[in-house]
Participant: 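Next up is a structure, given as structure tokens.
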Number of protein chains: 2
Amino acid sequence: MTLPSTYADRNCSLARSLEIVGERWTLLIIRDVFFGVRRFGDFATQLKIPRAVLTNRLKFLVQEGVLIRDDDATGGVEYRLTAKGVGLWPVVRALMSWGDAFYSPSGVKRAERHDQDGGLLDHEGRCQDCGLAVPVPEIRIEPGPGFDRTDSDHDPVSVAINTPRRLLEPIMRPRTLSAAGEGERGATRAAERADSPA
Amino acid sequence: MTLPSTYADRNCSLARSLEIVGERWTLLIIRDVFFGVRRFGDFATQLKIPRAVLTNRLKFLVQEGVLIRDDDATGGVEYRLTAKGVGLWPVVRALMSWGDAFYSPSGVKRAERHDQDGGLLDHEGRCQDCGLAVPVPEIRIEPGPGFDRTDSDHDPVSVAINTPRRLLEPIMRPRTLSAAGEGERGATRAAERADSPA
DNA sequence: CATGCTCAGTTCACTGACTGAACTGCTCCT
DNA sequence: AGGAGCAGTTCAGTCAGTGAACTGAGCATG
């Protein structure tokens, strides 16, 4: 699956998509990016994914134009979604909805809201208050009724992504917070990236 | 991934879903079932998947309640979707849409229509003619503008699933056709299964 | 009853990918 | 110079996927 075109069916967009995002870990990495994770080490600790695999996946996703990699002001490396990557949100949403429906009897584990008016989103991403199809940067994600606080992880990254937040907004880890202005500038960039090239 | 709970994140429905349908081949098998494939040998030839892997995947999907396995009248084995399995259609649709959008410049490879009135479905599965959210058994799938007839496979199963047809309707291979009434009875059962327990 | 067919599934040797832990090399901070 | 944080790399062990050949049940035919 690492090499190009391992599914024979050249005439199926499902097979094509799975060549990109169908490998183990890939969609979880992408979910984390939606939730604001951007740094190699944060993916590694939050997902407990072997670093070698993480390296491969990130490289591949960058090569495929799903993520972009660049050095931030502090010299660190950041991975962010391209418009193509943002286009995967319906895929993530569909899988989450299915998992919620069949494996989370007490309700959804995460709810989506329209950040502008607080309305809940339905399965298609439409705001139940204003009726609009809400673009990804305006989606606010938060723990839902099925979220289990007792067994949630306690590393800073997990805590951050389990806090209500807008998609794509970078998480602020202790160090990043202390670096003056870093958090806010990052957030602005995230919004730009997701909005304009789409 | 074959064993239970290999993704650590117990609080994420995405991880939960991927434990079920995230393995290589799994979603392609499920797509084939939506397209009417039901028999072990047909999956094997159409997907060119190693038979040992196919055995494992089918077993696992049956065990997880995504498929049911039973013997048909002729003593053959059939795999069909449960309501839980039918619930995966939005996942398949989302992945197909993404693949169409970013890897099929000449248009979608497969289009969905409302079988009742012939209206095209949008990304959320809503009929653009009548405005309804179309249930899976009423969806008609057909080759779209991006479908490439020149390199489509020519085995009977591929030919069958590339013919416009309703989802879940069993494909009729030569032998099945000759068995009197088999095809129609199969179709009826498919509709029952998908409709009533949902 | 012997022969041959289809079909579902198993077996097996091989290969390639994943795993986890330790290590490298870079930059910033003091 | 010394230490800490970070982004990877390396490596030996293991496990899962691959492809081809095989098994065994059920059916049909002569």
Side-chain angles (χ1 to χ4, degrees), chain A residues 1-8 18-19 22-26 28-29 32 37-62 67 69-80 155-157 171 173-180 182, chain B residues 1-8 18-19 22-26 28-29 37-63 67-80 155-157 171 173-179 182:
Chain A
M1 212 129 142
T2 305
L3 297 189
S5 63
T6 36
Y7 290 122
L18 289 176
E19 281 169 23
E23 287 176 299
R24 191 149 152 67
W25 299 114
T26 301
L28 290 175
I29 292 169
D32 267 21
V37 180
R38 292 183 167 188
R39 310 196 76 105
F40 185 93
D42 290 346
F43 294 117
T45 62
Q46 209 275 320
L47 296 173
K48 293 172 191 67
I49 172 178
R51 304 167 80 82
V53 176
L54 181 56
T55 301
N56 288 342
R57 293 294 186 276
L58 290 172
K59 244 182 214 151
F60 182 68
L61 289 172
V62 167
L67 299 179
R69 188 201 120 117
D70 59 25
D71 300 356
D72 72 2
T74 74
V77 176
E78 282 195 350
Y79 294 91
R80 289 198 297 285
D155 63 284
V157 180
I171 63 170
R173 290 161 312 128
R175 278 238 313 167
T176 311
L177 250 182
S178 63
E182 226 295 321
Chain B
M1 211 131 140
T2 305
L3 296 190
S5 65
T6 36
Y7 290 123
L18 289 176
E19 281 169 23
E23 287 177 299
R24 189 149 154 67
W25 298 113
T26 301
L28 291 175
I29 292 168
V37 180
R38 293 183 167 188
R39 310 195 76 103
F40 186 92
D42 290 346
F43 294 116
T45 62
Q46 208 275 321
L47 296 172
K48 294 173 191 65
I49 172 178
R51 303 167 82 81
V53 176
L54 181 56
T55 301
N56 288 342
R57 294 293 186 276
L58 290 172
K59 245 182 214 151
F60 181 67
L61 289 172
V62 168
Q63 177 192 314
L67 299 179
I68 45 167
R69 188 202 118 116
D70 58 25
D71 301 356
D72 71 3
T74 74
V77 177
E78 282 195 351
Y79 294 92
R80 290 198 296 283
D155 65 281
V157 181
I171 61 171
R173 293 162 311 128
R175 277 237 313 165
T176 311
L177 251 181
S178 63
E182 225 297 325

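All chains are named by letter (A, B, ...) in the order of the sequence lines, taking the proteins before the strands, and each is independently numbered beginning at 1. Remember, predicted model here, so these are calculated numbers, not experimental data.
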Participant: Can you give me the closest heavy-atom contact between Arg38(B) and Phe43(B), atom names plus distance?
Facilitator: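 The pair with the smallest heavy-atom distance is C-CE1, 3.8 Å.
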Participant: Name the closest nucleotide to the Val53(B) side chain, picking from dA8(C), dT19(C), dG17(D).
Facilitator: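 Nucleotide nearest to Val53(B)'s side chain: dG17(D).
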Participant: So which heavy atom on Ala44(A) is nearest to which on Arg51(A), and how close?
Facilitator: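 For Ala44(A) versus Arg51(A), the nearest heavy atoms are CB-NH1, 3.8 Å.
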Participant: Once you round it to whole Å, what is the distance between P of dC7(C) and CG of Asp42(B)?
Facilitator: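 These atoms are roughly 8 Å apart.
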Participant: Rounded to whole angstrom units, what separation is found between the CG atom of Asp71(A) and the P atom of dC28(C)?
Facilitator: 11 Å
Participant: Would you name the heavy atoms of Arg24(A) and Arg57(A) that are closest together and state the gap between them?
Facilitator: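 Nearest pair, atom of Arg24(A) first, then Arg57(A): O-NE, 2.9 Å.
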Participant: Quickly work out the Ile49(B) CD1 to dA8(C) C1' distance and round it to whole Å.
Facilitator: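 My rounded result for the distance is 14 Å.
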Participant: Without decimals, in angstroms, what is the distance between Leu54(B) CG and dG19(D) C1'?
Facilitator: 14 Å
Participant: Glu23(B) has an atom CD; how far is it from atom C1' of dA16(D), in whole Å?
Facilitator: 9 Å
Participant: N/O contacts under 3.5 Å, protein versus nucleotides 8-14 of chain D?
Facilitator:
from: dG8(D); atom 1: OP1; to: Arg69(A); atom 2: NH1; distance (Å): 2.6
from: dG8(D); atom 1: OP2; to: Arg69(A); atom 2: NH1; distance (Å): 3.3
from: dG8(D); atom 1: OP2; to: Tyr79(A); atom 2: OH; distance (Å): 2.6
from: dG8(D); atom 1: N7; to: Arg51(A); atom 2: NE; distance (Å): 3.1
from: dG8(D); atom 1: N7; to: Arg51(A); atom 2: NH2; distance (Å): 3.2
from: dG8(D); atom 1: O6; to: Arg51(A); atom 2: NE; distance (Å): 3.3

Participant: dG20(C) C1' sits how many Å from Leu47(A) CG, rounded?
Facilitator: 16 Å
Participant: Rounded off to whole Å, could you give me the NZ-to-P distance for the Lys48(A) and dA21(C) pair?
Facilitator: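 The answer, rounded to whole Å, is 13 Å.
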Participant: Which atom names give the shortest non-hydrogen contact between Trp25(A) and Lys48(A), and what distance separates them?
Facilitator: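 Scanning both residues completely, I find the closest heavy atoms to be CH2-O, 4.2 Å.
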Participant: Over how many whole Å does the gap from Arg24(B) atom CZ to dA16(D) atom P extend?
Facilitator: 16 Å
Participant: Decide yes or no for Ile49(B) and Ile29(B): does some side-chain heavy atom of the first lie under 4.5 Å from some side-chain heavy atom of the second?
Facilitator: yes
Participant: Of all residues at least two apart in sequence or in a different chain, which pass the side chain to side chain contact (heavy atoms under 4.5 Å, CB included) check with Arg69(A)?
Facilitator: Val62(A), Asp71(A), Val77(A), Tyr79(A)
Participant: Counting just side-chain N and O atoms, does Trp25(B) come under 4.0 Å of either OP1 or OP2 of dA16(D)?
Facilitator: no
